[in-house]
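By convention here, the first residue in the shown sequence is residue 1. As the structure is a prediction and not an experimental result, all values here were calculated from the model.
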Amino acid sequence: MWSIGNVKIKNKVVLAPMAGISDPSYMRIVEELGCGYAITELISAEAIVRENKKTFEMLNGMEKIKMPIAIQLFGGNAKVLSEAAKIIEKKFHPAVIDINMGCPVPKVAIRSEAGSSLLRNPDKIYDIVSSVVKAVNIPVTVKIRSGWDSDNINAVEVAKKIEKAGASAIAIHGRTRAQGYSGLSDWGIIKKVKEAISIPVIGNGDIKSCYDAKRMIEETGCDAIMIGRGVLGNPWLIKECVDYLEKEIEPITISAKEKITMLKKHFSYLIEDKCEKAALLEIRSHALWYVKGLKSSAKIKNQICGCTSDVEMFRILDEYLSNESNL
């Protein structure tokens, strides 16, 4: 067990904030698989302050989750972020407010002057974090990257500013903004950040197996590991990491039937929180990840992409399972 401020977290496995993925429906899935802590997909602070209905709807279903959750905000204005944090605290009662200072997507980092673009201005980072910390009564955390590009690796300097501003923890992705999601995550910078500050550090980047999770903790000394793209179509990675880190239990193969059963459960959760059209669009993307690696996966992916209803999609999947040659 470890803590973010006064929030106790039962294990070292954290679900990363991923746009279009880390919603309450998927958080319920990973919670059932043992996840200790999760962070929502990034939410626009500006949209929260403007009371945008669709933005609030992104958090439908939060009340069904029992594990500690952080709601992640993005923006480049300290006043707006602080006001949004106060609204979020009052309306949704999350355990933690997280500030995104790592997103590399141009519409966030460039057009909004938020996300990873803030890494170029450590003093502004201090002002933002300090302002949000003063605005709410719950812990505030920050997610960063190693730097803007290979010539500007400043995660240690930024981390010190964040700690000084009153944040309760930092998550660091070992890639630069320029790398996006390509190349390798530099775990060495995670180690340097951990050694430079006293608040908890969550390591992120290239956790594709339970063995990677253990190796990151051993190599960096980080307090917890954050899993992002590794869980796409494979939420069992959460359980594998928890089991291996705590009991050295080796992972087992997940069958085609288990994957499709999980897909159906995932859709049932989505339909509780979203309109049918939105739920279908989202589960169709997840379905392509779930069936990846199965026999005849290319054929079934093409069929899924042509589906216009959940009934049609699940009929295709059930027919796939009824064919013994696929199992």
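Residues satisfying the salt bridge (charged side-chain N to carboxylate O under 4.0 Å, His left out) test with Glu89, not counting sequence neighbours, are none. In this view, Tyr37 satisfies the ring-ring contact (aromatic ring centres under 6.0 Å, His included) rule with no residue, not counting sequence neighbours. Every residue was checked against the ring-ring contact (aromatic ring centres under 6.0 Å, His included) condition with Trp236, not counting sequence neighbours, and none meets it. Remark: Lys265 pairs with Glu32 by the salt bridge (charged side-chain N to carboxylate O under 4.0 Å, His left out) rule, at least two apart or across chains. Qualifying salt bridge (charged side-chain N to carboxylate O under 4.0 Å, His left out) partners for Lys274, counting only residues two or more places apart in sequence or in other chains: Asp23, Glu282. Looking at residues two or more places apart in sequence or on another chain, you find a ring-ring contact (aromatic ring centres under 6.0 Å, His included) between Tyr211 and Tyr244. In terms of the salt bridge (charged side-chain N to carboxylate O under 4.0 Å, His left out) criterion, Glu157 has no residue partners (sequence neighbours excluded). The ring-ring contact (aromatic ring centres under 6.0 Å, His included) test applied to Phe314 returns Phe267, not counting sequence neighbours.
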Validation: residues 39-53 side-chain donor-acceptor distances under 3.5 Å, sequence neighbours left out:
residue: Thr40; atom: OG1; partner: Gln72; partner atom: N; Å: 3.0
residue: Glu41; atom: OE1; partner: Gly20; partner atom: N; Å: 2.8
residue: Ser44; atom: OG; partner: Glu46; partner atom: N; Å: 3.3
residue: Ser44; atom: OG; partner: Ala47; partner atom: N; Å: 3.1
residue: Glu46; atom: OE2; partner: Arg50; partner atom: NE; Å: 3.3
residue: Asn52; atom: OD1; partner: Lys54; partner atom: N; Å: 3.1
residue: Asn52; atom: OD1; partner: Thr55; partner atom: N; Å: 2.9
residue: Asn52; atom: OD1; partner: Thr55; partner atom: OG1; Å: 3.0

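Counting only residues at least two apart or in different chains, ring-ring contact (aromatic ring centres under 6.0 Å, His included) contacts with residues 83-105 are absent. Residue pairs meeting the side-chain hydrogen bond (donor to acceptor under 3.5 Å, both in side chains) criterion with at least one member in residues 216-232, sequence neighbours excluded: Lys194-Asp223, Arg215-Glu219. Sorted pairs that involve residues 1-13 and meet side-chain hydrogen bond (donor to acceptor under 3.5 Å, both in side chains), not counting sequence neighbours, are lacking altogether.
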